[in-house]
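For the numbers below, each heavy atom of this structure counts, side chains included, while hydrogens, waters and symmetry mates do not.
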Amino acid sequence: MRKSVIFFISIIFIISIVVVSFFGMQARVDQFKSYITDVTITSFDTTVGPQKTKYLNVNYEGPNTYVTIRYTVLPNKAEQLNKIEFILTNNTYVDENGETQEFAKINNIGILEFYNYIENKRTVTVTLRSTDGSNKRDSVIVVLNKI
Amino acid sequence: MRTNKLNTLIKMQIKEKFNLSFFKNKKQALFKVVFSVLGFVSVAVIAYLILFICKFLNLFSILNYIPVNVMAFVLGIMFVINVFSSTIILSRSLYYSQDNQVLITYPVNANSIFISKLVVHYIGELKRTFSFLVPVFFAYGLISGSPIIYYLWMPIMFCLLAVITVLIAGIISIPCSVVIRLLNRFKILKILISVSLLILVGCFAFFAISKIPADINILASWREISIFIRDLLSNFVHIFNFVYIFTIALCGNFEGFKIKLFSKYSLIVPAVMLGIIAILLVLNFALSRPIYLRALSSSFEHNKFKKREKKNKVINSNLSISIYEFKKIFRQTETITNALMIIVIAPIAILALNKIYGAINTRMLGDYLTIAFNILIILLFALSCNIPVSSIYSRDGESFYTNKAIPKKPYQILFARLMFNGLLSFIVLVLTTPIFFYFSKLSVLNKIVIFISLFILSLLHLFWTAEIDFSNLQIQNFHSFGRAGINPNELKSTILAFAISLITFAVTAFFLIKDYENFYLKLLIVSTVILAVRIALFHYKAKVLFKEK
């Protein structure tokens, strides 16, 4: 076989793969969707135990104490910020009247606010999770210390 | 006087190797020039399209251009291939060409023969360079917006590069000729090495095919593919820096988005090339001078012809012609090597292709395209087996007309020569189509019909090519040494092979997409009818051409 014939057959070989890939491929709905691969809370002081549970110590300075929960999301794209949410648990207590009182809240950019009067040491659990179906999550236990 | 002898030697060999008879005829000369320009333009257009698509897709750079390292890669690969093929051609020409037996009797010294062969090979190498590399780089100049002076500068640099290629090949041909002599002397060694190489190539190919991922999605992984290609080019340029520097001297380099042709390398590189040429010239003469005359004469002198005493057997006259033709072919190493190469490469290529298609999640259009492309590539391999038939009668040279003395009908004499190539096409189809069918979802009946259709199309091309040759015998090209430079019949046969394959591909893709009923059966019927017409024409023309006037 001449060099030129081998060359042209090789070119047609490559073109055939490219054409089938571009025009013959079955389109998937999520073909171009970029899923979150990892969420990590970076605001923590220590990790405890084999599960590496994260703890963040915060000094309570009175009502309107703010804490910024820092985090990273991978892949690091701007649109990923819409696919995460913060969930706050253990942010209520039962007062002497038997009523449930909420003492902390968190917004969607990770600003945790302790807005109610707290007498005792309290802990809240902040969970950061993805909402695009990739089911990635991370959490930190915020220990509120009264000065 | 010596220069005159050298000039005469060179002119003689050029006249033998390159058919220059068109100079005597203005019409032929014009046709030759137009054809050459068309060839140049075709290659340049294809290269331009490929580069344009790569630029559009930002394949080689996130910025919208083709970086110089791409052309450095192309040039590096082509240089290695050219040195390799030049070594083989030059080894044969310098030491084993049949015209050596004549040249050695002339009143010239061995050095003159050596120089003349190098010069003639250089002219051939220039021709090859101007038919591929120069049009590709011409296209690169157009797409990069190179200045006008680039189109004068680039061919000059390639002329210098061709000299280096020929001189390197000249040096390597010296040990190469020793190896060829050894292999010719010990045929069993030749067979063992050939079989070992084939097994090695096969194993490597299967290993590479096994690495094809199970899920290929070019669109989704486009970014990773581009990064991989850019890293590969970057590593290549890092390792083979001299190739990159030569390419910068040849094409210039980008400053921002504009290409700057001339830099410090534009002076340094040509100077270094001239130095290298001088060193290689000295090496060529120093190494060949003591051994060339002896190597030249020992390649054909003292040839021992083993005569086997065999009892004559009476066999059927039709069988006799066929056996004779097969024996002739099996004595031609080049023909057998080419045949083995196609038999090994074709199934591996089809396996790789179908493995890749299997990894792509195709929809219905994709399934139809994979069938059409499989048919196209299988046909290309099968029809390329028939291209040597374009000189099957011309190779006899002036002794072709002695075939008239054989007491057989003309078409029987001509037909007997086609059996080997017909059998080769059949073997290629038998090896490739089962691989294609294994990966496809076709019914058993459709598979049988497709196989028969492909075989009929390969026979169609075979008879058509044979007709092209005996209708337009290139006896002048083959008259003395059984080898020709350029054969227009071979070119026609190659174009015909591509045309038949592409038309079959287009028709298959079109009718499959349109969901025509019984398309494969209709393809079989149409190809059978065309084959019948071609065989009838072959038979008729053979009768007419062989008639005594």
Worksheet entry | From CA spacing to verdict: side chain to side chain contact (heavy atoms under 4.5 Å, CB included), A:V20, B:I356 | CA-CA 10 Å; A:V20 170; B:I356 293 170; over 6 Å; no
Worksheet item: Is it the side chain or the backbone of B:I345 that comes within 4.5 Å of chain A heavy atoms, both, or neither?
Response: neither
Fill in: Part of B:L353 lying under 4.5 Å from any heavy atom of chain A
both
Fill in: Part of B:Y368 within contact of chain A (heavy atom distance under 4.5 Å)
neither
Discussion item. Taking side chain as everything from C-beta outward and backbone as N, CA, C, O, which of these in B:T362 sits under 4.5 Å from a heavy atom of chain A? Side chain, backbone, both or neither.
Written reply: both
Worksheet item: Taking it one step at a time, do B:I377 and A:S16 satisfy side chain to side chain contact (heavy atoms under 4.5 Å, CB included)?
Response: CA-CA 9 Å; B:I377 291 169; A:S16 70; 4.0 Å; yes
Worksheet item: With a cut-off of 6.0 Å (strictly less than), are more than 12 heavy atoms of other residues, nucleotides or ligands near NZ of A:K105?
Response: no
Worksheet item: Side chain, backbone, both or neither: which part of B:L380 has a heavy atom under 4.5 Å from chain A?
Response: both
Item to complete: Using non-hydrogen atoms and a 4.5 Å limit, figure out which bit of B:S85 sits close to chain A: side chain, backbone, both or neither.
Response: side chain
Worksheet item: In Å, rounded to the nearest 0.5 Å, how long is the span from CD1 of A:I17 to CZ of B:F373?
Response: 10.0 Å
Worksheet, complete the sentence: Counting heavy-atom pairs under 4.5 angstrom with chain A, the leader among B:I387, B:T494, B:I360, B:V43 is B:I360
Worksheet entry | Part of B:A349 lying under 4.5 Å from any heavy atom of chain A | both
Worksheet item: So which of A:V5, A:I9, A:I15 has the largest heavy-atom pair count under 4.5 angstrom toward chain B?
Response: A:I9
Practice prompt. Taking all non-hydrogen atoms of both residues into account, name the closest pair between B:I46 and A:F8 and its distance.
Written response: CD1-CE2, 3.9 Å
